[in-house]
Amino acid sequence: MESRTRITALFIQLLGVVHVFNFYNLFEQSSRLLGVDGLIPVVEFIQQFNAPDIGLLDKLQSCPSFLLWFNSDFSILAGTIFGLVLSFFVVAGFQSRKSLILIFPLYLSYTAVGQELFSFQWDSLILETTFLAVLLPSSGWFFKNFKAGADKIATFLFLWLLFRIYIESGVAKLFWGPGSWSSLTAMSHYYETAPIPTFLGWKFHFMSDSWHQFETGMTMIVEILVSAFIFAGKWPRRVAFVVFTVFQVLILLTANYGIFNFTTLCIQLFLLTDEDLRLIPVLGRRIQGRLASVAIPVPKWWIYPWACVIFCFSIIEFMMFAGGRGVYETRLAEVQKFTQSFHIASRYHLFGPIDPIRYEMEVECKYDSTGWKTLEFPYNAGSVNRAPKMVAPYHPRLDFRLWFDRYPVRWEENQVPFPECRVTPEILPSYMSRLVIQLQDNALLANRHFLPHSFDTVIADSVRLKYYHYGMIDTLDADSNQLYWERVLVGIVYIDTAMIGKTPRVEFFVQEQMELTPVEAAERQAENQPTPNNYIDLGVTYYRAGNFEGCIWACFKAIELDPNNSMAYNNICTAYNRLGNFKEALKACNAALNINPDFELARNNRQVAANRLGIK
C-alpha cells in the first residue's frame, strides 16, 4: 500500500519551514529593495499600470499584486510579517490549506513587482510548489484528524515537477553547454564561478581534474538518467531519492542558491511512501506516533480540473523550453505569458553553459581628497583574503543579482579589456543606477547595501565601478594570511550624474583629463601599447602597490609577447616569494636562469625561495 499520510504531513511542515526562511528574507530586505527609497521602488514600478486605458484584468494579468493598491513602506513590511505568521501556521499544522492559499498570492505579489531582483528560479519553484500544495489535504487543527495523505493526482503532479527540475537541467546542459559538459570540463570551473560560493566549494575547486571529470559525468547521469526512476517502481524511486538527496546536499554545501535546494528536497519526499519511513528510524518513530497510515484517498471532484490546468500549463512551459525559437511565434506564447505572470508552472534550466571566467564588479568612492575607497558588498568575493561562506537559506538578492551583471560592459562593441570610460548612470541596470546615484545623494540609504566602513554617512564626490577577473587560489601572502582569490583589473567605469538625459551616454578615454595614480598610469600605458617592457613596468607598479597577483599576471603577459624575457621570470619569482608560494617562485627563477645564467638578481631571489623550501 503506497499510502503517504505521514509523508504528506512531513512535506507540509517542511514547506512551511522553507516559507519561514523565505518571508524572513523578504522582511529583512524588502525596505531597502522595494521601499520608496529602495533600489527598485514599488511606487515607481506600478506607475506604468495606472494609465486610464488599462483595465483591472489587464493590470492583474501583467502585475498580480496587492501592492498595486497598497504600496506604502508599511504595507510592504506588513505583508512580509503576515507571510511569516502564515508560514508558522503551516509548520504547526494550523489549517495548512487555507494558509497556503493565502501564502501563494502574497508571495506572488512581491515577485510581480520585484523585477530583476525577484526573477530567480527559486522564486518560481516555491510558487509552483505552493500552488500544488493546495491540492493536499488540509492539516486541520494541528494534524489531530489528519487521516489521509496525498492522492494519486497530487502525488503525480509533485513527481512531474521533480522530473521537470532534473530533466530540463540535464537537457539544458546537453544543448546549451556542450562545450563544457560533453568535454567533462564543466565542474573544473563550476565552483570558481558559482554566484556565491561556499568555503567547501572553494575546497572542492582544488580537487584533481579526474575528480572534476567524474563530477561532470555524474551530474549528467543524475539529471538525465536517474530522473527516469521517478516514474518507475518502488525500488527505483527509493534509489532516486537517495541519489537526489546526496546530489542536493552537495550543492547546498558548495554553493548558495537561496531556498531552491531546500524546496527541491521537500518535493523529493513524494518519491517515498509511509512504509519507507521505517528506513529512517528517528524520523519514522516520531511521525508514526502521531499519524496512522491509511489507504490512498480518492481525489475530490474539484481536484480534477485544478490538476488538469496545472499539468497543461506545465506542458506549455516544457514546450517553450524544448521547442526552440519557433514556438515563440505560435499561440502557445500568448498562453505562456499568463503562466509566466502567475508562476503556476515554470522552467528550470540550471547551469546549461558554464562560463570559465569569473568577473565581479567593485564599487569605489572618492571622498574629498582621501583618494578612492572600496565599498564591499557583504556576500560577493570582494577582497582576496575574504573566505567564501555558507549563507543559504538566506538569499541576498542584490549580491546574487550582481553575478548576472558581472561582465565588464561591452558598449559600442568594446570587448574586454575595454577603454576606461565615463558614463551616465542610466546605462547601468536600474537597481545599480539608483545605487550609484544614492552614493552621491544620500549616503545613509546607499550604504545599507555595503559592509560597514568609515564613510557610512559621507556623500561621495565621485563614484566608479572596477571590474575584475577573479580566480580561486590557495596560498599565503607575505604576512602568512590565507588568500582565497586572485584578481586582475580588466576595466574601470566612471559614473557621471551630469550626463543624465544627455547624449552620448558613454565617453571613452576620459581620463586624459584626470589625475592618474601610478597604477592607473601604468595600466593605461600597457593597455595602449602592449609591449613586454610596458607589462614589466606594470608588474613592478603592481608589486610596489602590494598587488603581487597583479604583478605575476602582468609579467606573464610580457612572457606571452617575449618568451625569453628573463626579467619577467625574475619578477614573477619575487612576487611568488612575497605570496609565500616558494615552489612557484623556484620554478620562475630557474626559468630566468636558464635564459640568462649570469642573472645575479634572479640567483639571489632563487636562493630566498630555496632556503624557505630547505633546498641547498
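Numbers for residues simply follow the sequence, beginning at 1.
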**Q.** Other residues, nucleotides, ligands: >12 heavy atoms within 6.0 Å of Phe21 CZ
**A.** no
Q. Would you find a donor on one side and an acceptor on the other, under 3.5 Å apart, between the side chain of Asn447 and the backbone of Leu444?
A. no
Q: Please step through ring-ring contact (aromatic ring centres under 6.0 Å, His included) for the pair Phe548 and Tyr543, ending with a clear verdict.
A: CA-CA 5 Å; Phe548 306 119; Tyr543 184 89; 5.2 Å; yes
Q: Measure the shortest side-chain to side-chain distance between Ser462 and Tyr494 over non-hydrogen atoms and say whether it is less than 4.5 angstrom.
A: no
Q. Can you find a side-chain donor-acceptor pair between Tyr394 and Asn256 that sits under 3.5 Å?
A. no
Q) Among Phe400, Phe260, Tyr257, Phe262, whose ring pair (Phe, Tyr, Trp, His ring centres under 6.0 Å) with Trp122 holds? A) Phe400
Q) Between the main-chain N or O of Val36 and the side-chain N or O of Asp73, is there a donor-acceptor pair closer than 3.5 Å? A) yes
Q: Consider only side-chain N and O atoms of Tyr535 and Asn565, and report whether a donor and an acceptor are under 3.5 Å apart.
A: no
Q.
Just by distance, no angles: are the side chains of Asn577 and Asn605 close enough, under 3.5 Å, to form a donor-acceptor pair?
A. no
Q | N/O donor-acceptor pair under 3.5 Å between Ser109 side chain and Leu67 backbone | A | no
Q: Go through Leu84 and Val20 one step at a time and tell me if the side chain to side chain contact (heavy atoms under 4.5 Å, CB included) criterion holds.
A: CA-CA 6 Å; Leu84 268 172; Val20 168; 4.2 Å; yes
Q: For residues Tyr107 and Phe23, establish whether the separation of their ring centroids is below 6.0 Å.
A: yes
Q | Option passing ring pair (Phe, Tyr, Trp, His ring centres under 6.0 Å) with Trp485 (candidates Tyr470, Trp202, Tyr468) | A | Tyr470
Q) Mind checking whether His205 and His212 have parallel, tilted or perpendicular rings, split at 30° and 60°? A) tilted
Q: Tell me, with the steps shown, if Ser188 and Thr185 meet side-chain hydrogen bond (donor to acceptor under 3.5 Å, both in side chains).
A: CA-CA 5 Å; Ser188 299; Thr185 60; over 6 Å; no
Q: Please check if the side chain of Glu376 supplies one atom and the backbone of Leu451 the other of a donor-acceptor pair under 3.5 Å.
A: no
(Q) With side-chain hydrogen bond (donor to acceptor under 3.5 Å, both in side chains) as the criterion, how do Glu116 and Ser430 come out once you've worked through the C-alpha distance, each side chain's angles and the decisive distance to 0.1 Å? (A) CA-CA 9 Å; Glu116 62 263 58; Ser430 59; 3.0 Å; yes
**Q.** Contact check, side chains of Lys173 and Thr219, non-hydrogen atoms, under 4.5 Å
**A.** yes
Q) Could you walk me through whether Tyr576 and Phe582 pass the ring-ring contact (aromatic ring centres under 6.0 Å, His included) check? A) CA-CA 6 Å; Tyr576 272 128; Phe582 303 110; over 10 Å; no
Q: Test Glu360 against Arg487 for salt bridge (Lys or Arg N to Asp or Glu O under 4.0 Å), laying out the working first.
A: CA-CA 9 Å; Glu360 287 215 10; Arg487 65 183 190 178; over 6 Å; no
**Q.** Any donor-acceptor pair under 3.5 Å from Arg544 side chain to Val519 backbone
**A.** no
**Q.** Lys/Arg N to Asp/Glu carboxylate O, Asp37 vs Arg448, below 4.0 Å
**A.** no
Q) When Gln482 is tested against each of Asp474, Thr475, Asn385 for side chain to side chain donor-acceptor pair (under 3.5 Å), which residue passes? A) Asp474
**Q.** Atom CZ of Phe49 with >12 non-hydrogen neighbours under 6.0 angstrom
**A.** yes
Q: Please check if atom CZ in Phe27 has more than 12 non-hydrogen atoms from other residues, nucleotides or ligands closer than 6.0 Å.
A: no
Q | Arg397 side chain vs Leu117 backbone, donor-acceptor pair below 3.5 Å | A | yes
Q.
Less than 4.0 angstrom from a charged side-chain N to a carboxylate O is my criterion; do Lys466 and Glu362 meet it?
A. no
Q: With the side chain counted from C-beta on, respond yes when Ile437 and Ile500 share a heavy-atom pair under 4.5 Å apart, and no when they do not.
A: yes
Q. Could you go step by step and tell me if Glu549 and Trp553 meet the side-chain hydrogen bond (donor to acceptor under 3.5 Å, both in side chains) rule?
A. CA-CA 6 Å; Glu549 298 88 350; Trp553 172 84; over 6 Å; no
Q: Look at the aromatic rings of Tyr367 and Phe455 and report parallel, tilted or perpendicular, splitting at 30° and 60°.
A: parallel
Q. Would you say the side chain of Arg401 lies within less than 4.5 Å of the side chain of Phe120, judging by non-hydrogen atoms?
A. yes
**Q.** Residue pair Asn590 / Tyr569, side-chain heavy-atom distance below 4.5 Å
**A.** no
Q. Are there more than 12 heavy atoms of other residues, nucleotides or ligands under 6.0 Å from atom CZ of Phe70?
A. no
Q: Go through the side-chain N and O atoms of Asp123 and His343 and say whether any donor and acceptor fall under 3.5 Å apart.
A: no
Q) Is there a donor-acceptor contact under 3.5 Å from the side chain of Arg434 to the main chain of Gly38? A) yes
**Q.** Sub-4.5 Å side-chain heavy-atom contact between Ser169 and Gln121
**A.** no
Q | Heavy-atom side-chain contact between Val18 and Pro393 under 4.5 Å | A | no
Q) Considering only heavy atoms from C-beta outward, does the side chain of His19 approach that of Ile126 to under 4.5 Å? A) yes
Q.
Between Thr198 and Leu253 (side chain of the first, backbone of the second, donor and acceptor by atom type, cut-off under 3.5 Å), is there such a pair?
A. yes
**Q.** Backbone of Gly501 reached by a side-chain donor or acceptor of Glu426 within 3.5 Å
**A.** yes
